[in-house]
Amino acid sequence: MTVVKTRCVVLISGRGSNLEAILKAAGAPDYPAAVVAVVSNKVDALGLQLARDAGIPVAVVPNTDYPDRVAYDRALQTVVDTFEPDLVVLAGFMRILTPEFVAHYENRMINIHPSLLPAFTGLHTHQRALDAGVRFHGCTVHFVTAELDHGPIIVQAAVEVHADDDAHSLGARVLSEEHQIYPTAVRWFAEGRLHIAGQGVRVEGRADPLSAVVAPRLKAIV
Ligand code: GRF
């Protein structure tokens, strides 16, 4: 029997460790999603090599080739759409997207952000969390809306902040949670279990109806 997998196009700008986590998960025969292409705005993004090594088509659309954001996003959309994605996965794609681009992929584009949103949108989240003295920090996977780092929350993972943390140590602990929750969120999407209701997302099949799942130990919530 041929199983039709959810077609994911992953957008990256750099290292690609979240891409790697998704590729690893997608290597399991029963994972319901496949990465059909990786697209980057940076020709030297390290993550591109991961995709090449996995035999996945890559495309580079350099933002420096376009006069403005609108022109860039149109070109990007054209390239992304050639791969016929069911889901666009932003994995460290360091661009602010135009409302037109976001609307085109409404309810089928997700992002991972290294904080417990809505706290610490934007950059330098780990240092800002330390500066704010929060006791918990973490990461969030959410549907993308026109407002940066907002949009219905699919899953969150929390980590404790330690007294001796610096941005590096805290960021490393958060990143390892990112690698757990992002493949999980993609799987839930592919299984058709995510239902957006206002600002929240109901995850079908979970006893807990909360839209945002705080998951210090992800295994407990899958
Ligand atoms: C991650 O921290 C992610 O949350 C943020 O950008 C970083 C990308 O890292 N959006 P990587 O390229 O996946 O290693």
Side-chain angles (χ1 to χ4, degrees), residues 8-27 33 35 37-54 56 58-63 76 87-97 101-102 105 109-130 134 136-159 161 165-187 189 212-216 218:
C8 299
V9 172
V10 182
L11 271 54
I12 63 168
S13 296
R15 175 179 58 182
S17 69
N18 278 289
L19 165 67
E20 189 173 21
I22 292 166
L23 288 175
K24 192 168 167 223
V35 177
V38 174
V39 180
S40 176
N41 63 320
K42 301 271 185 206
V43 69
D44 57 353
L46 288 177
L48 289 173
Q49 196 53 44
L50 292 167
R52 290 190 189 102
D53 291 348
I56 291 164
V58 304
V60 178
V61 188
N63 50 285
L76 181 65
L87 178 66
V88 174
V89 178
L90 305 180
F93 188 62
M94 303 303 282
R95 299 271 312 164
I96 293 173
L97 301 165
F101 187 90
V102 172
Y105 299 107
M109 179 157 62
I110 61 178
N111 180 47
I112 188 156
H113 183 75
S115 79
L116 291 174
L117 291 173
F120 312 121
T121 59
L123 298 174
H124 311 301
T125 53
H126 308 311
Q127 188 58 53
R128 287 162 58 211
L130 290 171
V134 295
F136 289 97
H137 184 44
C139 48
T140 304
V141 179
H142 63 97
F143 282 102
V144 176
T145 56
E147 196 178 347
L148 181 70
D149 297 331
H150 281 69
I153 289 172
I154 299 167
V155 60
Q156 296 183 302
V159 303
V161 178
D165 264 332
D166 58 17
H168 182 75
S169 62
L170 180 57
R173 223 155 49 251
V174 170
L175 190 65
S176 111
E177 295 298 324
E178 293 185 34
H179 298 161
Q180 301 297 315
I181 65 170
Y182 217 2
T184 300
V186 169
R187 179 163 61 76
F189 180 93
V213 183
V214 177
L218 184 80

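Just follow the structure's listing: the first ligand is 1, and inside any ligand the first atom is 1. FYI, the numbering just counts along the sequence from 1.
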* Asked: Can you check side-chain contact (heavy atoms from CB on, under 4.5 Å) on I96 and L148, steps first, answer last?
  -> CA-CA 7 Å; I96 293 173; L148 181 70; 4.3 Å; yes

* For atom 1 (C) of ligand 1, grab the closest protein heavy atom and report residue, atom and distance to one decimal in Å. => E178 OE1, 3.1 Å

* To do: Can you pull out the closest protein heavy atom to atom 12 (O) of ligand 1? Residue, atom name and distance to 0.1 Å, please.
  => G16 N, 2.8 Å

* Return the option from S17, A45, A21, G92 holding the heavy atom at the smallest distance from atom 11 (P) of ligand 1. => S17

* Asked: Is the shortest N/O to N/O distance between R15 and ligand 1 below 3.5 Å?
  -> yes

* To do: Using distance alone, determine whether L175 and ligand 1 share an N or O pair under 3.5 Å.
  => no

* Asked: At a non-hydrogen distance cut-off of under 4.0 Å, which region of M94 contacts ligand 1 (side chain, backbone, both, or neither)?
  -> neither

* To do: Verify the ring-centre separation between H142 and H113: is it less than 6.0 angstrom?
  => no

* Atom CG in L97, atom OG1 in T145: separation rounded to 0.5 Å? -> 10.5 Å

* To do: Quickly, which of V39, N111, V89 forms a side-chain contact (heavy atoms from CB on, under 4.5 Å) with L11? Name it, please.
  => V39

* To do: May I ask whether I112 places a heavy atom under 4.0 Å from ligand 1?
  => yes

* Do you see a donor-acceptor pair shorter than 3.5 Å between the side chains of H179 and S17? -> yes

* Taking all atoms of both residues into account, what is the closest heavy-atom pair of F120 and R128, and its distance? -> CA-NH2, 3.5 Å

